[in-house]
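Please read the structure below before turning to the comments.
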Amino acid sequence: MLSIITINFNNAEGLKRTLKSIKYLKSHSNLDIELIVIDGNSSDGSKNVIMENQEIIDRYLIEKDNGIYDAMNKGIKLANKKWLNFMNSGDTPIN
């Protein structure tokens with residue numbers, strides 16, 4: 001039903017917060033949620049954060065992009081659900 005697309009570039013701490021929040025949402029709701037993470041080839045440890053959270057990430061892409069809108073479009077191409085939600089690194093649906 002819902003594809004959450006998280007884009008990130010050199011914001012490992014924000015990405016951790018976002019993934020923690022989405023993990024809670026996925027485990028405490030009956031929503032059909034897929035999580036897609038697009039990282040612009042970060043150099044701050046974000047790749048490790050992605051690898052450490054693969055159990056909640058359905059698809060991810062780590063490669064250089066041409067900015068925020070390019071990253072969003074990459075996420076859209078990977079999405080399989082009816083609805084799209086963009087939640088950037090650092091955003092949290094639940095505190």
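Every heavy atom of this structure was used, including side-chain atoms; hydrogens, water molecules and symmetry mates were not. Note that the numbering runs from 1 along the sequence shown for the chain.
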**Asked** Checking side chain to side chain contact (heavy atoms under 4.5 Å, CB included) for the pair N80/R59: CA distance, chi angles, key distance, verdict?
**Response** CA-CA 10 Å; N80 290 318; R59 277 178 293 296; 2.9 Å; yes
Practice problem: Before giving the answer on side chain to side chain contact (heavy atoms under 4.5 Å, CB included), spell out for M1 and I33 the whole-Å C-alpha distance, their side-chain angles and the decisive distance to 0.1 Å. | Solution: CA-CA 6 Å; M1 173 182 280; I33 298 171; over 6 Å; no
**Q.** Full working for salt bridge (charged side-chain N to carboxylate O under 4.0 Å, His left out) between K74 and E63
**A.** CA-CA 10 Å; K74 289 178 180 188; E63 65 181 22; 2.7 Å; yes
query = Step by step, would you call I62 with M51 a side chain to side chain contact (heavy atoms under 4.5 Å, CB included)?
reply = CA-CA 11 Å; I62 301 171; M51 296 303 130; 3.9 Å; yes
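A distance-only check finds no donor-acceptor pair linking the side chain of S21 to the backbone of R17 [under 3.5 Å]. T6 places no side-chain N or O within donor-acceptor distance of the main-chain N or O of V37, the cut-off being under 3.5 Å. N8 places no side-chain N or O within donor-acceptor distance of the main-chain N or O of L15, the cut-off being under 3.5 Å. Although no hydrogens or angles enter the test, the distance criterion places a donor-acceptor pair under 3.5 Å between the side chain of N10 and the main chain of S43. Under a 3.5 Å cut-off, the side chain of D39 and the backbone N or O of S42 do form a donor-acceptor pair.
Inspection of the K20 and N53 side chains reveals no N or O donor paired with an N or O acceptor under 3.5 Å. Between the side chains of T18 and D91, not a single donor N or O lies within less than 3.5 Å of an accepting N or O.
Heavy atoms only, all atoms of each residue included: E34 and D58 are closest at CA-OD2, 3.0 Å. Nearest approach of A12 to G45, heavy atoms of both residues: CB-C, 4.1 Å. What you find for S46 and D44 is that their closest heavy atoms are OG-OD1, 2.6 Å.
Within the model, atoms CG of N73 and CG of D65 stand 10.5 Å from one another, a figure rounded to the nearest 0.5 Å. Atoms OG and CG, from S29 and L2 in turn, are 9.0 Å apart once rounded to the nearest 0.5 Å. Of the inter-residue distances, the one linking N48 atom CG with K16 atom NZ reads 9.0 Å to the nearest 0.5 angstrom. Put simply, CD on E55 and NZ on K23 are 4.5 Å apart, with the number rounded to the nearest 0.5 Å. Note that CD of E52 and CG of L19 are 10.0 Å apart. Values are rounded to the nearest 0.5 Å.
I57 and F9 are not part of a single hydrophobic cluster, where members link through side-chain heavy atoms under 4.5 Å apart.
As a member of the Ile/Leu/Val/Met/Phe/Trp/Tyr network built from side-chain separations under 4.5 Å, I5 groups with I7, I36, I38, L61, I68, Y69, M72, I76, L78, L84, F86.
The existence of a salt bridge linking K26 and D32 is excluded, since no basic side-chain nitrogen approaches an acidic carboxylate oxygen closer than 4.0 Å.
Every residue two or more places apart in sequence or in another chain that forms a side-chain hydrogen bond (donor to acceptor under 3.5 Å, both in side chains) with N11 is listed here: S89.
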